[in-house]
Amino acid sequence: MKLQRLLVATLATTIHTGAISNDALEPIIITANRTVESINETLSMVTIIERKEIEASAAQSLPELVSQSTGLDFITKGGYGQSSSLYLRGADSGHLLLLVNGVRFHDVTSTNSAASFEHIPVELIERVEIVRGPKASLYGSDAIGGVIQVFTKPEQQSQFASISIGTENTQKISAGFANSREKFSYSLKASQLRTDGTSSKDNNLEADGYENRSISAQLDYILPTDTIVGINSHHSTGYNEYDNCGYPASSNCQSDFTQWSTGTYWKGAINSQWDSEFHLGKSSQQRQSKNDATGDYHGEVFSSSWVNHIKLSQQQRLVSGIDYSQDSTLKSYTSSPNWKRSSTALFGNLSGDLDNSNQYNVGLRIEDNQQFGSHLTGDIAYEKALDNDSTLRLSYGEAFKAPSLYQLYDSSYGDATLQPEESSTIEIHYSRELSTGTTLNAVLFNTVISNMIDWHDPNPSNHWSIADASYMNINKAEIDGLELEIDTEIDFWKLHTSLTLLNPMDRKESKQLLGRAKRTLKLHGTRTLGRYNLSLDWVNQGHRFSYGDSRISGYSKLDLKLGHKLNQQTKLHFKVGNLFDKQYQLEKGFTTAGRTLLLSINYRVR
């Protein structure tokens with residue numbers, strides 16, 4: 001039984017103890033508490049996107065894939081491969097922790113140390129887990145708004161291949177396999193995307209192309225002691241063209257990028273009640289401008305952890321461990337400063353049932369940051385079943401984010417006196433099964449971020465007059481929010497509707513935080529008709545503000561997708577993005593795609 005349990009864990013994921021998904025079983029999640037548990041055991045708001053849903057979405061990027069999820073919004077400076085920002089519950093990309101197979105994945109040379117989400121190829125992703133709300137007690141810095149974890153390892157033996165063609169001369173091909181033999185399991189996947197793209201700037205007819213070549217691999221081995229050792233890796237390289245670089249401004253700009261992550265791990269059972277894991281991971285992100293003065297940037301993140309899963313009793317579970325991480329800047333702009341910063345942390349998370357109708361979760365973490373000293377963060381959640389159909393949950397969580405190395409030490413705009421951002425979040429969640437197949441989730445939350453770091457330009461009307469601009473600690477930001485979700489079935493349509501209302505305010509300036517829309521309404525619907533599957537994604541957003549306090553109007557957009565099952569192994573997918581060819585912007589001066597077409601054929605054998 002011990003060996004069987006380890007096999008299930010390893011086949012499920014490559015870095016944390018595994019997760020399995022089966023229509024007959026309750027969905028399993030890992031990221032919320034760094035352990036295997038059902039969604040009902042997790043006292044957090046979570047979203048899980050499986051491979052089947054990824055294929056049906058025909059999404060072309062990670063931001064596009066997750067953007068239909070409740071509470072998530074993204075803005076992009078153009079089309080394929082252009083710089084993107086993700087907002088989770090109004091918290092920006094720097095407040096959103098990204099893990100790839102458990103390895104911390106962010107660009108330490110970028111302005112807010114956020115990851116380049118737009119370069120992670122959807123074709124290599126097997127599963128995405130999204131956790132909304134602070135998780136610093138488990139993960140440390142960055143997890144103010146929440147956590148997104150991407151898994152690339154297939155959950156079962158399979159072979160696949162896919163070819164796509166679309167507007168703007170978009171061409172995409174991917175292939176891979178996963179297998180197991182005696183004590184080995186292994187997988188290998190590769191993909192390539194090329195497109196001529198569209199112009200990223202408005203009032204510009206020149207197209208901005210994009211290319212991404214990616215590969216991922218994994219190997220596990222079961223030792224005679226019934227423990228598991230393994231390694232996983234993913235690597236992406238390519239280029240993106242963009243506008244508005246240099247002085248005077250040019251529309252012929254290109255940036256080459258390379259990003260990768262590698263993790264090794266050991267997993268074993270100490271006894272029947274205690275499992276233990278050791279992890280080592282490293283990620284790297286490099287970008288180089290070919291014809292722009294912005295230079296060459298290269299940063300790396302090293303992380304290690306020892307995580308223990310202890311079953312204290314039939315109802316009580318403890319996750320505890322030690323984390324270590326180091327951010328390093330190998331090159332920034334045109335110099336090689338070799339900035340480094342490390343942190344070490346102890347953490348513990350206790351969860352369980354008080355009785356059949358009461359659950360709790362308590363987390364605590366003390367983190368010693370080399371630059372800023374110790375930070376104590378924690379969270380607590382309590383859920384009560386009001387009756388057989390409804391629950392009420394209260395939670396409180398604290399988090400922090402250290403300034404990025406770029407914000408601290410950049411020779412032009414850095415400020416070494418910047419202080420860490422600190423946050424506190426209060427959340428009330430009500431869930432009810434309204435009828436068979438119809439559920440309601442309502443969440444009220446309030447997040448206060450002190451010493452929030454943002455770009456300050458004393459002369460925003462002149463784009464090139466930024467000599468006095470720098471990063472500053474804004475006194476306080478506060479985000480009040482309401483999330484409503486309804487899942488139901490009407491006339492054979494499975495529908496998921498979500499409404500997010502935000503009041504994201506800079507309390508010092510008494511104005512709306514940039515980039516955030518106050519209102520977002522989303523509808524996702526699917527219907528199966530024999531061998532055909534029809535789905536739609538509709539979004540309606542209110543206005544937002546861009547740099548210079550420019551007001552960006554709201555918009556509505558509809559995507560349609562049709563799937564056809566040719567046989568047991570082969571499916572055809574056709575997607576019409578932005579069906580009504582709506583013209584809108586998400587950031588001042590940058591365009592978004594008009595109507596797009598994409599045809600894909602997918603072959604998969606399990």
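- Inter-residue side-chain proximity for Gln157 and Ser180 is flagged as met; some heavy-atom pair is nearer than 4.5 Å.
- Side-chain contact, Glu485 with Thr70: a donor N or O sits under 3.5 Å from an acceptor N or O.
- Of all the heavy atoms in Glu433 and Gly437, the pair that sits closest is OE2-N, 4.2 Å.
- Counting heavy atoms from C-beta outward, Lys582 and Tyr555 have side chains that stay 4.5 Å or more apart.
- Using a 4.5 Å heavy-atom threshold, the side chains of Ser85 and Glu587 count as separate.
- Using a 4.5 Å heavy-atom threshold, the side chains of Ile130 and Thr31 count as separate.
- For the atom pair NE2 (His234) and CG (Asn101), the distance works out to 8.5 Å, reported to the nearest 0.5 Å.
- The number of heavy atoms from other shown groups lying within 6.0 Å of NZ (Lys282) does not exceed 12.
- Salt-bridge annotation for Arg89 and Glu427: present, with a side-chain N of the basic residue lying under 4.0 Å from a carboxylate O of the acidic one.
- Salt-bridge formation is detected for the pair Glu64/Lys575: a Lys NZ or Arg NE/NH1/NH2 atom is positioned less than 4.0 Å from an Asp or Glu carboxylate oxygen.
- Between Lys401 atom NZ and Asn112 atom CG the span is 6.0 Å, to the nearest 0.5 Å.
- Atom-to-atom distance recorded for Asp208:CG and Glu168:CD is 11.0 Å, nearest 0.5 angstrom.
- At a threshold of 4.5 Å between non-hydrogen side-chain atoms, the residues Glu118 and Asn240 do not count as touching.
- More than 12 heavy atoms of other residues, nucleotides or ligands sit less than 6.0 Å from atom CG of Leu597.
- The environment of CD1 in Ile165 is sparse: at most 12 heavy-atom neighbours from other residues, nucleotides or ligands sit within 6.0 Å.
- Rounded to the nearest 0.5 angstrom, Ile552 CD1 and Leu586 CG are separated by 8.5 Å.
- At least one donor-acceptor pair closer than 3.5 Å links the side chain of Glu129 to the backbone N or O of Ile30.
- Using a 4.5 Å cut-off on side-chain heavy atoms (C-beta onward), Tyr242 and Ser289 make contact.
- Dense packing is recorded around CZ of Arg432, with more than 12 heavy atoms of other residues, nucleotides or ligands lying under 6.0 Å away.
- Separation of atoms CD (Glu55) and CD (Glu50) is listed at 12.0 Å; rounding is to 0.5 Å.
- A donor-acceptor pair is defined here as one N or O able to donate and one able to accept, closer than 3.5 Å; no such pair exists between the side chain of Gln149 and the backbone of Leu99.
- Taking the six-membered ring for Trp and thresholds of 30 and 60 degrees, His279 and Tyr265 have ring planes inclined between 30 and 60 degrees apart.
- No salt bridge links Glu489 with Lys494; every basic N to acidic carboxylate O contact stays at or beyond 4.0 Å.
- Checked by atom type and distance alone, the side chain of Lys571 never pairs as donor or acceptor with a backbone atom of Arg604 at under 3.5 Å.
- Checking side-chain atoms of Ser233 against main-chain N and O of Ala217 turns up no donor-acceptor pair under 3.5 Å.
- Of the N and O atoms on the side chains of Lys588 and Ser550, at least one donor lies less than 3.5 Å from an acceptor on the other residue.
- Using a 3.5 Å distance cut-off with no hydrogens or angles, the side chains of Arg595 and Thr167 do not pair a donor with an acceptor.
- Nearest heavy atoms, Glu123 versus Arg51: O-NH1, 3.6 Å.
- In this structure, Phe105 and Val301 have side chains that are not in contact, with every pair of non-hydrogen atoms separated by 4.5 Å or more.
- Counting all heavy atoms, side chain and backbone alike, Phe445 lies closest to Leu502 at CZ-CD2, 3.7 Å.
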For this session: Step by step, work out the side chain to side chain donor-acceptor pair (under 3.5 Å) result for Thr438 and Thr488.
Result: CA-CA 4 Å; Thr438 302; Thr488 189; 2.8 Å; yes

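- In this structure, Tyr210 and Tyr80 have parallel ring planes: the angle between them is below the 30° cut-off, well short of the 60° mark.
- Here the side chains of Ser44 and Ile29 are not in contact, with every heavy-atom distance at 4.5 Å or above.
- Applying side-chain contact (heavy atoms from CB on, under 4.5 Å) to Leu558 and the options Leu523, Asn540, Leu536 leaves one that passes, Leu536.
- Distance NZ/Lys153 to CG/Asp220: 4.0 Å, rounded to 0.5 Å.
- Side-chain polar atoms of Ser283 and Ser261 form no donor-acceptor pair below 3.5 angstrom.
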